[in-house]
Student: 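The structure is given below, and queries will be raised subsequently.
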Amino acid sequence: MNQYSAKSKSYSQELSKINKKYNSISLLRLLYIILFLGSLYYYIQNSGIILTISAVLFFVGFIVLMRIHSKLLFEREINTALLEINENEISYLEKKTIPFENGLEFNDFHHPYAYDLDIFGEHSLFQNLNRTATFIGKKKLAEQLLTLSPNQEIIENQTAVKELSGKLDWRQNFLALAKVSQDSKASYEALMAWGKFPSVLLSKGAIVLSYVTPLLFLGVLVSYIFTFEAVLLSYLSYLFILNLLIVGKFYKRIQIEIANAEDIDKMISQYGLLLKKIEEESFHSQKLKDLQQKLTFKKENASVHLKTLSGLFSNMDTIGNLLTASLFNGTFLFNLHVLKKLLNWKKEHSEALEDWLDVIGEFEMLNSLANFAYNNTEFVYPTLNTEFKIDFSELSHPLLNAKTRVGNEVAFHPQSFMILTGSNMSGKSTFLRSLGINMVLSGMGSVVCANQANVHPLPVLVSMRLSDSLSDSESYFFAEIKRLKQIMDELEGNAAFVLLDEILRGTNSDDKRNGTIEVVKKVIAHKAIGAIATHDIEVCLTTNEYPDILTNKCFEVEIENDELHFDYKLRDGICRNKSATFLMKKMGVI
């Protein structure tokens, strides 16, 4: 918190200085253009070498001030973004708001755990982790949250996240550049569509023509300057019209290449700056060095190639300005030459374009995990094993308030499956979500909310919170049966971490109890690790049949001074105390 506050104050002061310079330069720029126009006016009236020199100097000064103005504008945007980044972190850590995108568009109700564990949406894991500002960054983070990585990749991610967590300034500057880019799904997909759209290079005849007619025009123009023959003006006009006709023949191809590419040159330029930021940084972890290595293509950095592409799209924009397009194309077929270079660029580089942008997404995803680790120094990186052992010390939910959350000791060996009992509000569902969320974090290379963790990363399968699917005309009960079927199918031949919360609520008590027992037996027959929460004490008796696999755990509630007291501590055994009758009597329900 102190670090963010100090940075916020520093960037606020820097932004104030930049704004003063920016306003001064704006005034000077206006003054110079007025003086330039004044000098030009008096030169027309009176002539004189001094007025000529003054006009030239004022115009040159105006151009210099324009460059300074553009540089200050960019600095102001970056500092504004940096100030916002730090103020957002302060607001987030003070629990005032979560000022980050929630990723709801990535939610998948058919995913084994996305909906049940609140991976996306308001106050979700994604929203708390998310420190991305590009579409590909958000997409990569969402994909990482929904996918279990191989152990080696998890270890590489952990090492990369550790390194990036210590690079606060670099991470924030990278995020600021991404924010300034104002990237969107539409702009990203437009660029990807352009890169994958099959284009044919210009024919040799068209290339020869692109040089011949402009050279003829230049030759005739030079001849006219030296001879002032009037007939040459007619030839120039014919050649001018001929060049326009040639460009007109290729106009449709030009339009196809730049379709849906409005302002794409600025977007590509910003992508280039992000890649340059990666290229210029020194990294030590293998994952980051490998990502950095992907940015070297044909002995040049990717940022250089994107700068060229940005310039080509920017030049191609002139086709939309009738006056400029007519002048440039009528004289030397400007847009035809740009089209030729654009097609050549695509042929030479399009295969690597998606990979380069993927690197940006990977860094934004890793930066998000690094920020999570930086903000939660008490969290740990889990040790990985391949022995189906899962242990957490002081396990809790990472999104709960650090001052009030309660940690628990959890070990899934020697018994591998837990039957969990406890009254309503005692903490069963929160505990199950804590297990699920921390297993997801473990599987992506993040820190987890525990003092110590030893994990065999496994696919997470959950049935905790389903909803009626009105669009599919199916009830909650049928949706739950489908989810259980999905879990059983996933368990065929694959080990997994399974979490079930009070299943089969849509049937009578006997059917529910018997069904739950059979589900437990089938789950453990598939060697699944995990837990099931239930209110049926008879289900707990199943541990007598499978004492080496099943264990009973519970959350108890105490009545102290005529009030319910929950300590949210996990205990051995079956829950004995009941709170429903007491609570209904206390509230006058019964």
Side-chain angles (χ1 to χ4, degrees), residues 2-4 6-7 78 82 85-86 89 129-134 136-137 140-141 143-145 147-179 271-306 352 355-386 398 441-448 450 452-455 457:
N2 292 337
Q3 186 83 314
Y4 294 130
K7 284 184 172 294
I78 292 294
L82 286 166
I85 288 166
N86 284 279
E89 291 297 339
L129 289 177
N130 182 25
R131 299 299 186 276
T132 69
T134 68
I136 186 61
K140 285 290 179 183
L141 179 59
E143 288 173 351
Q144 195 72 47
L145 282 165
T147 310
L148 173 65
S149 300
N151 278 23
Q152 184 55 40
E153 187 177 328
I154 294 172
I155 292 169
E156 289 175 359
N157 281 357
Q158 286 182 352
T159 308
V161 170
K162 284 178 187 176
E163 181 175 355
L164 288 172
S165 65
K167 290 178 176 285
L168 178 62
D169 289 336
W170 187 88
R171 284 191 287 107
Q172 290 198 344
N173 278 284
F174 190 85
L175 179 55
L177 277 173
K179 278 180 170 289
Y271 283 145
L273 291 176
L274 286 167
L275 293 179
K276 188 177 181 181
K277 190 77 177 168
I278 297 169
E279 292 162 354
E280 292 178 345
E281 185 62 14
S282 175
F283 297 112
H284 303 290
S285 65
Q286 192 59 47
K287 172 97 174 187
L288 300 181
K289 288 196 290 187
D290 288 345
L291 288 171
Q292 197 176 43
Q293 189 62 39
K294 287 184 179 181
L295 303 182
T296 301
F297 186 78
K298 297 188 176 180
K299 299 181 180 180
E300 277 281 12
N301 285 337
S303 61
V304 175
H305 296 305
L306 285 188
D355 289 340
W356 296 339
L357 301 194
D358 279 350
V359 169
I360 292 174
E362 287 281 342
F363 264 91
E364 282 209 288
M365 179 273 292
L366 292 169
N367 281 346
S368 294
L369 298 185
N371 193 80
F372 183 62
Y374 182 85
N375 284 348
N376 298 280
T377 53
E378 71 278 18
F379 290 3
V380 297
Y381 294 91
T383 303
L384 305 187
N385 69 77
T386 56
L441 291 172
S442 296
M444 60 194 296
S446 171
V447 292
V448 297
Q452 189 175 347
N454 181 27
V455 175

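All residue numbers refer to positions in the sequence shown, counting from 1.
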Student: Does the side chain of Leu164 come within less than 4.5 Å of Tyr374's, by heavy atoms?
Tutor: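 The answer is no, as the side chains (C-beta and beyond) never meet within the 4.5 Å cut-off.
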Student: Would you say the side chain of Asn375 lies within less than 4.5 Å of the side chain of Arg131, judging by non-hydrogen atoms?
Tutor: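 Yes; the side chains approach each other to less than 4.5 Å.
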Student: Of all the heavy-atom pairs spanning Glu279 and Ser303, show the shortest one and how long it is.
Tutor: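 Result for this residue pair: OE1-OG, 2.5 Å.
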Student: Which residues pass the side chain to side chain donor-acceptor pair (under 3.5 Å) test with Lys7, not counting sequence neighbours?
Tutor: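 Partners of Lys7 by the side chain to side chain donor-acceptor pair (under 3.5 Å) criterion, ordered by chain and then number, come out as Asp169.
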Student: How many angstroms lie between OG1 in Thr134 and CG in Leu177, if you round to the nearest 0.5 Å?
Tutor: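 Rounded to the nearest 0.5 Å, the OG1-CG separation comes to 11.5 Å.
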Student: Tell me every residue that passes salt bridge (charged side-chain N to carboxylate O under 4.0 Å, His left out) with Lys299, counting only those two or more places apart in sequence or in another chain.
Tutor: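 Testing Lys299 for salt bridge (charged side-chain N to carboxylate O under 4.0 Å, His left out), a comparison that skips the adjacent residues, returns none.
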Student: With heavy-atom distances below 4.5 Å as the criterion, would you say the side chains of Ile154 and Ser442 are in contact?
Tutor: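 No - every pair of side-chain heavy atoms lies 4.5 Å or more apart.
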Student: Would you say the side chain of Thr296 lies within less than 4.5 Å of the side chain of Asn301, judging by non-hydrogen atoms?
Tutor: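 Yes; the side chains approach each other to less than 4.5 Å.
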Student: Would you call the rings of Trp356 and Phe297 parallel, tilted or perpendicular, where under 30° means parallel and over 60° means perpendicular?
Tutor: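 Aromatic pair Trp356/Phe297 classed perpendicular.
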Student: Glu163: what forms a side chain to side chain contact (heavy atoms under 4.5 Å, CB included) with it, not counting sequence neighbours?
Tutor: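 Glu163 satisfies side chain to side chain contact (heavy atoms under 4.5 Å, CB included) with Lys167, Phe283, His284, Ser285, Leu288 once adjacent residues are dropped.
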Student: Holding to side chain to side chain contact (heavy atoms under 4.5 Å, CB included), I want the full list of residues that pass it with Asp290, two or more places apart in sequence or in another chain.
Tutor: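 Residues passing side chain to side chain contact (heavy atoms under 4.5 Å, CB included) with Asp290: Gln286.
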Student: In chain order, what residues pass the side chain to side chain donor-acceptor pair (under 3.5 Å) check against Asn173, with sequence neighbours excluded?
Tutor: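 Applying side chain to side chain donor-acceptor pair (under 3.5 Å) to Asn173 gives none.
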Student: List for me each residue that meets side chain to side chain contact (heavy atoms under 4.5 Å, CB included) alongside Glu156, sequence neighbours excluded, and say none if there are none.
Tutor: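 Only Gln152, Lys287 meet the side chain to side chain contact (heavy atoms under 4.5 Å, CB included) criterion with Glu156.
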Student: Any heavy-atom pair between the side chains of Val359 and Ile278 that's under 4.5 Å?
Tutor: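 In contact.
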Student: Say whether, by atom type as modelled, one donor and one acceptor occur between the side chain of Gln292 and the main chain of Glu281 under 3.5 angstrom.
Tutor: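 Yes, Gln292 side chain to Glu281 backbone: donor-acceptor pair under 3.5 Å.
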Student: Show your reasoning for whether side chain to side chain contact (heavy atoms under 4.5 Å, CB included) applies to Ile78 and Lys179.
Tutor: CA-CA 8 Å; Ile78 292 294; Lys179 278 180 170 289; over 6 Å; no
Student: Suppose we screen for side chain to side chain contact (heavy atoms under 4.5 Å, CB included). Which residues come up paired with Ser446, at least two apart in sequence or across chains?
Tutor: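 Per chain and number, Ser446 pairs via side chain to side chain contact (heavy atoms under 4.5 Å, CB included) with Leu369, Phe372, Leu441, Met444.
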Student: Report the C-alpha distance between Leu274 and Phe363 in whole Å, list the side-chain angles of each, state the deciding distance to 0.1 Å, and finish with yes or no for side chain to side chain contact (heavy atoms under 4.5 Å, CB included).
Tutor: CA-CA 10 Å; Leu274 286 167; Phe363 264 91; over 6 Å; no
Student: Are the side chains of Lys140 and Asp358 in touch, meaning some heavy atoms are under 4.5 Å apart?
Tutor: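 They are in side-chain contact.
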Student: May I have the step-by-step check of side chain to side chain contact (heavy atoms under 4.5 Å, CB included) for Leu366 and Leu291, ending in yes or no?
Tutor: CA-CA 11 Å; Leu366 292 169; Leu291 288 171; 4.1 Å; yes
Student: Who passes side chain to side chain donor-acceptor pair (under 3.5 Å) against Thr159, sequence neighbours left out?
Tutor: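 Thr159: no side chain to side chain donor-acceptor pair (under 3.5 Å) contacts found.
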Student: I'd like to check Leu145 versus Leu129 (side-chain heavy atoms, cut-off strictly below 4.5 Å). Are they in contact?
Tutor: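 Of all side-chain heavy-atom pairs linking Leu129 with Leu145, at least one is under 4.5 Å.
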Student: Can you see which heavy atom on Gln172 is nearest to which on Ile85, and at what distance?
Tutor: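 Scanning both residues completely, I find the closest heavy atoms to be O-CD1, 3.6 Å.
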Student: Taking side chain to side chain donor-acceptor pair (under 3.5 Å) as the definition, give me every residue that meets it alongside Asn376, ordered by chain and number, with sequence neighbours left out.
Tutor: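 Scan of Asn376 (side chain to side chain donor-acceptor pair (under 3.5 Å), adjacent residues dropped) gives none.
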Student: Would you say the side chain of Glu300 lies within less than 4.5 Å of the side chain of His305, judging by non-hydrogen atoms?
Tutor: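 A side-chain contact under 4.5 Å exists here.
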Student: Looking at every heavy atom in both Val455 and Pro382, which two are closest together, and how far apart are they?
Tutor: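 Heavy atoms of Val455 and Pro382 come nearest at CG2-CB, 4.0 Å.
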Student: Mind jotting down which residue pairs meet the salt bridge (Lys or Arg N to Asp or Glu O under 4.0 Å) criterion with at least one end in residues 366-376? Sequence neighbours excluded, please.
Tutor: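 Not a single pair qualifies under salt bridge (Lys or Arg N to Asp or Glu O under 4.0 Å).
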Student: Among side-chain atoms of Ser149 and Gln144, is any donor-acceptor pair under 3.5 angstrom?
Tutor: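 Judged by distance alone, the side chains do pair up.
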Student: Between Gln452 and Val380, is there a donor-acceptor pair closer than 3.5 Å when you use the side chain of the first and the backbone of the second?
Tutor: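 Such a contact is absent between Gln452 side chain and Val380 backbone.
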